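Everything on this sheet refers to the single structure shown next.
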Number of protein chains: 2
Amino acid sequence: MSISQQEANFSRRLDADLVQNPVFTGVERAILEQRLPPGTRLAETDLAEFYGVSRTVVRTGLQALAHSHLVTLRPNRGASVANPSPREAREVFEARELLEPRSAREAARRAGRADVRALRLHAQEEHEAMSANESGRALRLSGRFHVMIAQIANQRTIAEIIENLVSRSSLIIALYWTRSSTRCDEGCHNALIDAIERNDAVEAEELMRSHLVELHSALRFDNGDSSNKTLKDMLS
Amino acid sequence: MSISQQEANFSRRLDADLVQNPVFTGVERAILEQRLPPGTRLAETDLAEFYGVSRTVVRTGLQALAHSHLVTLRPNRGASVANPSPREAREVFEARELLEPRSAREAARRAGRADVRALRLHAQEEHEAMSANESGRALRLSGRFHVMIAQIANQRTIAEIIENLVSRSSLIIALYWTRSSTRCDEGCHNALIDAIERNDAVEAEELMRSHLVELHSALRFDNGDSSNKTLKDMLS
DNA sequence: TACTTCTGGATTGTATACGTTCTTGATGAA
DNA sequence: TTCATCAAGAACGTATACAATCCAGAAGTA
């Protein structure tokens, strides 16, 4: 196997068959857009019928989603949309705070005109989704913005880790987000693009760090579980 | 769903059924012990026969291994042991250098007597494997040592990422390792345990960093692909 | 000889059948 | 009423059948 073939494998890995799995792509998107709230039961037969495939394909997709922590599989109990605990939520953001600022710095170093243009276009799309009150779509695009920066940094391994953490953040936000608006994002993202356009690595790193701290601090873990608490829990 | 249930899901996630998948556990172990070299073809029928299960179970295990980057799946072409490119190898170690020192620092802060005892016991086992010339087993245990430290740091999300990177390192070492001995490990690991026992966080962080740099620097990427080069490549 | 085309065997991808486990509502006893 | 037991239905886990794809060697052509 030649180096170029190795590279090709590295880049598509196992995505090749995953993007063609309608269960994986469909459920993933629905989760990222918060149309499927945490805890939602995902019965294999229902998904098979909805997507017009056999349970075999459904199970492949669900297993992939489970590896991304977007879905929880319990033996003999089937799949449900993941329900990240406060602890997991905190840890995901701690990991992001560790990885993403470094990525932003490297992205600012490397970014060319095409990269900046793509980022601006994407920010525009985010803005439009917000204006149209499509908050689910806006949230998914907002996450994707972070992934784009990680990709510009051109470190695929770390970018992939970040992509996973960002995905899980959608669920975390669904459970623990306290603010009604995500207007912060728009300003933060634009400021980041500006820094990247100037190739100001230090500034980009600091902006990313503060952006993540901002996000993290807008999470409240004390009441996140209330909707699932039993009456006994709430009375005691 | 209660918080404690969330935690339970978080900890076992999907491991519950994976540890019971003989293909996953068997092939993973063989890869970590370098009994299955990179590129080895993994035909579903062969695995099914060897482990006495149907192809369904084989495919589940292979998909899990693919998500861990230990196995490459190519549509209609089946599975083979992953063959990380020099680039991927470099990136994996860059990610480790970013994450593990921080983990070691936190582990040194948190470690109690039981943790230190477990680490010493483990180091002893490593030592015995080396003495017995079981280099595969020694390598697997050496990786596991790094995972243990990440677990002591008590950040499951990051520990899981590290576990994945460590696993991939076995393949990387199989491909690009230049030195015959891993004696470095023994000294490095013992020094790390000492620092952790003293709860010397700064020292543990620095020891981990230098240990990883040492490992990384012992990799040579220029000749890793030679055995797979075509005659034309080698003559030109 | 070098190259293309074709074909049989092998391998993977998907659907489906069936056994096992779990859930849930009914039944009955305390 | 409350609880335990149990049975029917639903859902999951695994095996297997069949279709689609790939690969290697044979045959044919220049």
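Each chain gets a letter, A, B and so on, in the order its sequence line appears, and its residues count up from 1. As the structure is a computational prediction, the values presented were derived from the model and not from experiment. Because only heavy atoms are used, hydrogens play no part in the values below, and waters and symmetry mates are left out as well, while side chains stay in.
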| said: Quick check for you: to the nearest 0.5 Å, what is the distance between I173(B) atom CD1 and L219(B) atom CG? | reply: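 The CG atom of L219(B) is 7.0 Å from CD1 of I173(B), to the nearest 0.5 Å.
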| query | Once you round to the nearest 0.5 Å, how far does CD1 of I162(A) lie from CZ of R156(A)? | reply |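 Going from the CD1 atom of I162(A) to the CZ atom of R156(A) covers 15.0 Å.
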| query | Which angle, to the nearest 10 degrees, lies between the helix axes at the two ends of the helix from dT1(C)-dA30(D) to dA30(C)-dT1(D), each defined by five pairs? | reply |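 The end-segment axes of the helix from dT1(C)-dA30(D) to dA30(C)-dT1(D) are tilted 10° relative to each other.
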| query | Which residues pass the side-chain contact (heavy atoms from CB on, under 4.5 Å) test with L98(B), sequence neighbours left out? | reply |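 In terms of side-chain contact (heavy atoms from CB on, under 4.5 Å), with neighbours along the sequence ignored, L98(B) is linked to L99(A), R102(A), I158(A).
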I'd like a table of atom pairs between the protein and nucleotides 20-23 of chain D - only N or O on both sides, under 3.5 Å - with the distance next to each one.
from	atom 1	to	atom 2	distance (Å)
dT21(D)	O3'	N76(B)	ND2	3.3
dC23(D)	OP1	R77(B)	NE	2.9

| query | Hey, does the side chain of N164(A) reach the backbone of I161(A) with a donor-acceptor pair shorter than 3.5 angstrom? | reply |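 Flag not set: sc N164(A) to bb I161(A) has no pair under 3.5 Å.
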| Are the charged groups of R87(A) and E91(A) less than 4.0 angstrom apart, N to O? |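 Salt bridge flag = yes for E91(A) with R87(A).
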| said: Taking the side chain as everything from C-beta on, heavy atoms only, tell me whether L62(A) gets closer than 4.5 Å to L47(A). | reply: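 They are in contact (side-chain heavy atoms under 4.5 Å apart), so the answer is yes.
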| Positive for side chain to side chain contact (heavy atoms under 4.5 Å, CB included) with V58(B), one of Q63(B), E44(B), E49(B) |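 Among the candidates, only E44(B) passes.
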When the distance from [atom1] of [X] to [atom2] of [N] is rounded to whole Å, what number comes out?
X	N	atom1	atom2	answer
L47(B)	dA15(D)	CG	P	14 Å
Q63(A)	dC12(D)	CD	P	13 Å
R41(A)	dC12(D)	CZ	C1'	9 Å
L62(A)	dG13(D)	CG	P	10 Å
Q20(B)	dG13(D)	CD	C1'	11 Å
Y51(B)	dG13(D)	OH	C1'	20 Å
R59(B)	dT14(D)	CZ	C1'	14 Å
R55(B)	dT11(C)	CZ	C1'	7 Å

| task | Classify the side chain of T45(A) and the base of dA11(D) as holding, or not holding, a donor-acceptor pair under 3.5 Å. | result |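 Under the 3.5 Å cut-off, the side chain and the base do not form any donor-acceptor pair.
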| Parallel, tilted or perpendicular: which describes the rings of F221(B) and H216(B), with under 30° parallel and over 60° perpendicular? |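 Ring orientation of F221(B) relative to H216(B): perpendicular.
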| task | Side chain of T56(A) only, please: which of dT16(C), dT14(D), dG13(C) is the nearest? | result |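 Closest nucleotide among those given: dT16(C).
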| query | Between the side chains of E106(B) and Q155(B), is a donor N or O closer than 3.5 angstrom to an acceptor N or O? | reply |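 Per modelled atom types, E106(B) and Q155(B) side chains form no pair under 3.5 Å.
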| field | Which residue lies more 5' along DNA chain C, comparing S54(A) with D46(B) via nearest heavy atoms | value |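 Nearest nucleotide further toward 5': that of D46(B).
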